[in-house]
Amino acid sequence: MKSILSTKKFTLAQKELLLNSGLTFVEYNAISIEFVPFNAPKQIENAIFTSKNAVKAVFSNKNIIPEIKNCFCVGEKTKALLEEYGQKVVKTTQYGSELADCLIKNHKNDTFYFFCGNKRLDIIPKALKEENIMFSEIETYETVLNSKHFQRQFDGVLFFSPSAVQSFVSENKLKNSTAFCIGTTTAAEAKKYTENVVISNSTSVESVIAKTVKTLKNYD
């Protein structure tokens with residue numbers, strides 16, 4: 001029986017996607033998130049969010065929740081969470097590079113606040129700087145690596161962020177395991193350690209699980 005390791009703990013619904021797959025799985029959180037104190041203006045015209053963690057960090061802080069007019073974000077789940085908090089989402093893309101292109105094309109004269117973590121990718125800031133678009137970064141959380149050594153090898157290892165790849169490889173080798181990745185940026189990090197990299201069809205946990213099940217079943 002094929003075995004997989006997930007570097008993120010699944011919800012019950014996500015586990016059910018694996019129940020009839022014939023795969024055994026081990027799960028752990030390769031990274032953890034810690035909110036950090038931050039200062040932000042009370043009123044913000046345009047805000048950028050590239051993760052649910054940043055959304056939670058901003059809107060769970062009851063003392064300093066800013067009034068935001070327009071939100072621009074990466075990922076459908078980030079959008080859904082923003083809307084849960086009553087925010088107006090103007091644009092959602094699957095990747096940061098796509099959002100950067102949209103801002104450059106349609107919002108060249110606007111000013112933005114980018115709510116992010118300490119390990120945020122440089123894609124959006126770099127693109128905005130090159131086009132002289134005004135923005136301020138506000139760090140709202142830190143990503144902490146939870147390194148753990150595994151004695152066994154797995155047929156597949158599931159990764160949901162570049163940080164999770166870094167955490168896993170700090171104590172383990174991928175060897176013959178296939179790395180199943182949530183998107184191109186996570187895959188780029190995994191490719192530093194293995195050629196066996198498969199990217200999910202969309203940037204969701206469910207899509208990574210579906211891709212893993214389909215791929216490993218085809219190996220049989």
Side chain proximity check, [X] to [Y], heavy atoms < 4.5 angstrom:
X      : Y      : result
Thr203 : Tyr95  : yes
Lys129 : Phe135 : yes
Arg120 : Pro125 : yes
Arg152 : Val26  : yes
Leu81  : Phe49  : no
Val144 : Ile31  : no

Please output the side-chain donor-acceptor pairs of residues 70-77 that fall under 3.5 Å, not counting sequence neighbours, one pair per line with the distance.
{"residue": "Asn70", "atom": "OD1", "partner": "Lys88", "partner atom": "NZ", "Å": "3.4"}
{"residue": "Asn70", "atom": "ND2", "partner": "Asn46", "partner atom": "OD1", "Å": "3.2"}
{"residue": "Lys77", "atom": "NZ", "partner": "Glu206", "partner atom": "OE1", "Å": "2.9"}
{"residue": "Lys77", "atom": "NZ", "partner": "Glu206", "partner atom": "OE2", "Å": "3.2"}

What pair of heavy atoms forms the shortest contact from [X] to [Y], and how long is it?
X      : Y      : result
Cys181 : Ala190 : SG-CB, 3.8 Å
Lys91  : Cys102 : CG-SG, 3.6 Å
Met1   : Thr24  : SD-CG2, 3.0 Å
Val205 : Ile182 : N-CD1, 4.1 Å
Ala47  : Ile68  : CB-CG2, 3.7 Å

Can any side-chain N or O of [X] pair as donor or acceptor with the backbone N or O of [Y] at less than 3.5 Å?
X      : Y      : result
Asn172 : Phe150 : yes
Asn29  : Lys8   : no
Ser177 : Leu174 : yes
Glu83  : Ala80  : no
Glu131 : Leu128 : no
Thr140 : Cys116 : yes
Thr11  : Gln14  : yes

Measure the spacing between [atom1] of [X] and [atom2] of [Y] and express it to the nearest 0.5 Å.
X      : Y      : atom1 : atom2 : value
Thr184 : Gln94  : OG1   : CD    : 8.5 Å
Asn118 : Glu139 : CG    : CD    : 5.0 Å
Ser3   : Asp155 : OG    : CG    : 4.5 Å
Leu103 : Ile124 : CG    : CD1   : 7.0 Å
Leu121 : Thr50  : CG    : OG1   : 7.5 Å
Thr178 : Phe154 : OG1   : CZ    : 13.5 Å

Step through the shown structure and confirm whether more than 12 heavy atoms of other residues, nucleotides or ligands are within 6.0 Å of CG on Asn106.
yes
Decide if atom CG of Asn20 counts as having more than 12 heavy atoms of other residues, nucleotides or ligands within a radius under 6.0 Å.
no
Please lay out, stage by stage, how Thr92 and Val89 fare under the test side-chain contact (heavy atoms from CB on, under 4.5 Å).
CA-CA 7 Å; Thr92 309; Val89 180; 3.4 Å; yes
Going only through I, L, V, M, F, W and Y residues with side-chain contacts under 4.5 Å, is there a path from [X] to [Y]?
X      : Y      : value
Tyr85  : Phe115 : yes
Phe114 : Ile104 : yes
Leu17  : Leu5   : no
Tyr28  : Leu145 : no
Tyr113 : Val58  : yes

Mind checking what makes side-chain hydrogen bond (donor to acceptor under 3.5 Å, both in side chains) contact with Tyr141, not counting sequence neighbours?
Ser51
Just to verify, what does Asn201 make a side-chain hydrogen bond (donor to acceptor under 3.5 Å, both in side chains) with, not counting sequence neighbours?
Lys211
Under the criterion side-chain contact (heavy atoms from CB on, under 4.5 Å), I'd like the reasoning laid out for Ile4 against Leu216: C-alpha separation, chi angles, the key distance, then a yes or no.
CA-CA 9 Å; Ile4 60 171; Leu216 291 181; 3.4 Å; yes
Could Glu27 and Lys15 be called an ion pair, given the rule that one side-chain N must be under 4.0 Å from one carboxylate O?
yes
With Lys126 via salt bridge (Lys or Arg N to Asp or Glu O under 4.0 Å) - residues at least two apart:
Glu130
Applying salt bridge (charged side-chain N to carboxylate O under 4.0 Å, His left out) as the test, list every pair that has at least one member in residues 31-57; sequence neighbours left out.
Glu45-Lys69
Are a donor atom and an acceptor atom from the side chains of Ser147 and Ser170 found within less than 3.5 Å of each other?
yes
Show the numbers, then the answer: is there a side-chain contact (heavy atoms from CB on, under 4.5 Å) between Leu82 and Phe59?
CA-CA 9 Å; Leu82 281 165; Phe59 294 102; 3.8 Å; yes
In terms of the angle between their ring planes, are His107 and Phe112 parallel, tilted or perpendicular, with boundaries placed at 30° and 60°?
perpendicular
Passes side-chain contact (heavy atoms from CB on, under 4.5 Å), Leu99 versus Ile48? Steps please.
CA-CA 9 Å; Leu99 185 59; Ile48 300 169; 4.0 Å; yes
In a table with atom names and distances, give each donor-acceptor pair under 3.5 Å that connects a side chain of residues 159-169 to protein atoms at least two apart or in another chain.
{"residue": "Ser161", "atom": "OG", "partner": "Ala164", "partner atom": "N", "Å": "3.1"}
{"residue": "Ser167", "atom": "OG", "partner": "Ala30", "partner atom": "O", "Å": "2.7"}
{"residue": "Ser167", "atom": "OG", "partner": "Asn146", "partner atom": "O", "Å": "3.3"}

